[in-house]
Amino acid sequence: MKLDTSGLESFAPHQGVDAEFKELSLVASFEFPNVTNFDDFQKKAVQMVKPAKGTTTLAFIFKDGVMVAADSRASMGAYISSQSVKKIIEINPYMLGTMAGGAADCQFWHRNLGIKCRLHELANKRRISVTGASKLLANILYSYRGMGLSVGTMIAGWDEAGPGLYYVDSEGGRLKGTRFSVGSGSPYAYGVLDSGYRWDLSIEEAAELARRAIYHATFRDGASGGVASVYYVGRDGWRKLSGDDVGDLHYKYYPVVQEEEMTEAAAA
Amino acid sequence: MARYDRAITVFSPDGHLFQVEYALEAVRKGNAAVGVRGTDTIVLGVEKKSTAKLQDSRTVRKIVNLDDHIALACAGLKADARVLINKARIECQSHRLTVEDPVTVEYITRYIAGLQQKYTQSGGVRPFGLSTLIVGFDPYTGVPSLYQTDPSGTFSAWKANATGRNSNSMREFLEKNYKETSGQETIKLAVRALLEVVESGGKNIEIAVMTKDKGLRQLEESEIDDIVAEIEAEKAAAEAAKKQPPKESTS
């Protein structure tokens, strides 16, 4: 499988123009293990390294742009390794990516995507579209299909064609849509998001919807928690709207009602 | 294959790349080609050497499509042109596939020029012997563009340009007579430039017009004849007006 070195290669061939074809034979290879059922073995190997996507991220398009929100908990099994992970990755001033799955995979490939987007800008004197950026990422992930990458990301941005939102994953899938939620907490987030969504939300209403959806997911899903970050992507780029601890949000939405003092029942 | 790796294009002591300059000579011997950019129309014209009687002239297309919104005309070695055009067409589709967007004129020009440059800096190959005129509309902004590339791999944008045989006279004519035009006026300007160096008549000229909505359209021989007739009439009228003594007499 040809690995993606397109950000690094130079364009001057060393020896004639047949070098393009010689590249194919230079792919690194390793010896296959000697098992009876290789496909099964391959599946088990992938399952072993595949980290569960313990997280909640969501994004939706509404009339004023795109709202992106995520939690901030990283878990290794039952151990909470961090409560302050940045799951919304700033690809460039007008595009955001969300992180679900392997943290290292998401961070690396989003930064790589940022490099590609910048190179595109420099070469073509105009910004890359959200469509193009998501397609670049999807093509890279597809070329690594089956090698154990775990990435479930949403690319959100505002380009010449308006607000754009794409879901891209490590299986090589790429979907265009208006509402997505990714991660182990996504069923809970979808419940709140889908029931409260309207196209003509204002920015504050949309932010509150996103915040509540993340909160409810962190309430029920053990692998989600920490801080609910909300970002807004508008015509002039993205800006961070809020980052609230979900514990504080809980008591804000469901304040503890002071129990009434117990009084003796009036003598009958 | 060490024997074939030696570069053919090497520097001369005084800093010239002779192979590239010889390639430019080949271009100068090729048929004339002209391109004119208007506000809503871009016109490409080429000189058509008389076709042999038994030859099917439809297979000798000199102005070709690279994509729905981009066209190319060239002067020089036609076989080299075929190879370059095929690679460019593949790149147009490949771009659509990887970024879901049609190419811009500047992008595909840069790609073609890059290819031409690659062949001046590789072992065992010679430069492409052609200069191209690339026209098209930007897929998003709708702005028309005209670019020219040459065997050295340089490219630049032009309002109007000519290449191939007698390109200097055509360029001089364009410099004298160019102004922002649209529609039929743009076509007439291109035809007038070609007529400077080519025998008049629809048989010797091939014209293609690109508009934003309709893409590339090759003009029929009859249409070209009509335009040529119009131009000749205008020229005759201008001559007559000059020769006539001034009407206002100081009597």
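Heavy-atom basis, side chains included; hydrogens, waters and symmetry copies ignored. Note on naming: letters A, B, ... go to the chains in the order of the sequence lines (proteins, then strands), and numbering restarts at 1 for each one.
Salt bridge status for B:Arg96 with B:Glu100: absent, with no side-chain N to carboxylate O gap under 4.0 Å. Taking 4.0 Å as the cut-off between side-chain N and carboxylate O, A:Arg127 and A:Glu160 do not count as a salt-bridged pair.
Only the side chain of A:Asn139 has a heavy atom closer than 4.5 Å to any heavy atom of chain B. If you measure heavy-atom distances from A:Ala138 to chain B, you find no contacts under 4.5 Å at all.
Ring geometry for A:Phe60 versus A:Tyr197: interplanar angle over 60°, hence perpendicular rather than tilted (30 to 60°).
One distance of note links OH of B:Tyr111 with CD1 of B:Ile134; it measures 12.0 Å at 0.5 Å rounding.
Of all the listed residues (B:Asp101, B:Thr104, B:Asp138), the one sharing the greatest number of non-hydrogen pairs under 4.5 Å with chain A is B:Asp138.
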